[in-house]
There are 2 protein chains.
Amino acid sequence: MRVISKSGEYGLRALLYMASNQENAGYFNIREMSDELDISFHFLTKILQVLTQKGILQSYRGPNGGITFLKNPEDITLADLIRALEGDDFFDKCLLGLPGCGERQPCPMHAYWMSIRNNLKTEFETTTLADLGNDTRLKQFRLIA
Amino acid sequence: MRVISKSGEYGLRALLYMASNQENAGYFNIREMSDELDISFHFLTKILQVLTQKGILQSYRGPNGGITFLKNPEDITLADLIRALEGDDFFDKCLLGLPGCGERQPCPMHAYWMSIRNNLKTEFETTTLADLGNDTRLKQFRLIA
DNA sequence: TTAATTAAAGATAAAATACTCTTAATTATT
DNA sequence: AATAATTAAGAGTATTTTATCTTTAATTAA
Ligand code: SF4
Ligand code: SF4
């Protein structure tokens, strides 16, 4: 049960890295980050492009260019990140993946699933990158290398 | 976020079908079930074989053979089924899928994840096939066609 | 003008999932 | 004993999804 894909994982790690290295100021160089986090440069670039398109990050091309936060880490929730990288309907999908069913004629597991799913959703919607970035444990955990 | 695979879905649907058609007595013919549930015969056969190997079902070869419950539906939890078809560690995996980390040096999301995961686990461990099979809604829902 | 960067789109590779085929074993019926 | 009806088992193929790479374009600083 891998819940989020590599894209999601890498995106999360990259943003956590950025959030916990903000003293850096200026733009983060993607190549440097990909080396640091041991993620393919091209793959990371693509992920960050998506986050830029979604209005979470801001990019700047050319020498000394790179990416930085557009929104503040305090205003970026885990849910924002996950939705951007895994799809807007990430928190609305069914346990079974059956399309087209739901409230109208719910299967016997619907209620269980809704409650569990809503817990997850709430946690992710109320946790910001800043919350995580400030967590000192990050520094000793390989999540951000 | 499809949480369970087709195998899991088909297995669940097959067992629900069986649980809610127990008046049938005797063995369920797999071909008939696969027609009824619109699942590939060979694929369903394979899934049911696994459940037989795991001690959930019982099979009988030859004419009028088929499968039936070895354990009673009241004694088969959703967790049993899911573990059999998705792997024993289904409820113990990490949100990120990172191997080798955990309690010792948890990442900042560990606590959230544990609590959510344990909810899911508890629901699935306390819900039996009989609970679901007795649910009248099943009869009008396409889960069991 | 050149070098350093990100943007974008498409191609490819790898892995996971879903499904199929073939042959063997078992059992009932004739 | 022969035949037909079934499940068992394992290998094989196809499809889909995920992950990664390649190439070219656009932007910017020096
Ligand atoms: S009714 Fe059942 S199958 Fe449909 S969305 Fe709810 S949990 Fe999923
Ligand atoms: S510490 Fe974090 S990455 Fe590790 S198992 Fe827990 S949630 Fe997953």
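Proteins get letters first, then strands, A, B, ... in listed order; numbering begins at 1 in each.
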Asker: How close or far is atom C1' of C/dT17 from atom CD1 of B/Ile4, stated in whole angstroms?
Answerer: 14 Å

Asker: Counting the atoms with a prime plus P, OP1 and OP2 as sugar-phosphate, which does A/Leu48 contact under 4.0 Å by heavy atoms, base, sugar-phosphate, or nothing?
Answerer: nothing

Asker: Going by distance alone, is a donor N or O of one side chain under 3.5 Å from an acceptor N or O of the other, for A/Glu86 and A/Ser7?
Answerer: no

Asker: Taking the six-membered ring of B/Phe41, is NZ or CZ of B/Arg31 closer than 6.0 Å to its centre and within 45° of its axis?
Answerer: yes

Asker: According to a strict under-4.0 Å criterion, is A/Ser59 in side-chain N/O contact with OP1 or OP2 of C/dA7?
Answerer: yes

Asker: Expressed as a whole number of angstroms, how long is the span from B/Leu44:CG to D/dT7:P?
Answerer: 10 Å

Asker: Kindly indicate whether the side chain of A/Leu15, heavy atoms from C-beta on, has any atom under 4.5 Å from the side chain of A/Met18.
Answerer: yes

Asker: State which residues pass ring-ring contact (aromatic ring centres under 6.0 Å, His included) with A/Phe43; sequence neighbours excluded, sorted by chain then number.
Answerer: A/Tyr10

Asker: Which part of the nucleic acid, if any, lies within contact of B/Gln53, taking any heavy atom under 4.0 Å across all strands shown: a base, the sugar-phosphate backbone alone, or nothing?
Answerer: sugar-phosphate

Asker: Looking at C/dT6, I'd like to know if its phosphate oxygens (OP1 or OP2) sit under 4.0 Å from a side-chain N or O belonging to A/Thr52.
Answerer: no

Asker: Measure CD/B/Glu32 against P/D/dA5 and give the value in whole Å, please.
Answerer: 14 Å

Asker: What is the distance, rounded to the nearest whole Å, between atom CZ of B/Arg31 and atom P of C/dT20?
Answerer: 11 Å

Asker: Does the protein touch nucleotides 20-30 of chain D at the base, only the backbone, or not at all? Give it as B, S and - per nucleotide, heavy atoms under 4.0 Å.
Answerer: BBB---BBBS-

Asker: Using modelled atom types and a 3.5 Å cut-off, is there a donor and acceptor pairing between side-chain atoms of A/Asp89 and backbone atoms of A/Asp92?
Answerer: no

Asker: Under a 3.5 Å cut-off for both distances, is C/dA11 Watson-Crick or wobble paired, and to whom?
Answerer: D/dT20

Asker: Please state how far atom CD1 in A/Ile47 lies from atom P in C/dA8, giving the value in whole angstrom units.
Answerer: 15 Å

Asker: Distance check needed: D/dA5 C1' versus B/Tyr27 OH, whole Å only.
Answerer: 15 Å

Asker: Give a yes/no on whether any side-chain N or O of A/Ser5 is located under 4.0 angstrom from OP1 or OP2 of D/dA19.
Answerer: yes

Asker: With a 3.5 Å distance limit and no angle check, can you tell me whether B/Arg13 reaches the backbone of B/Leu37 through a side-chain donor-acceptor pair?
Answerer: yes

Asker: Using a heavy-atom cut-off of under 4.0 Å over every strand shown, decide if A/Ile67 touches base, sugar-phosphate, or nothing.
Answerer: nothing

Asker: Main chain of A/Glu32, side chain of A/Asp35: is a donor-acceptor contact present, judged purely on distance under 3.5 Å?
Answerer: no

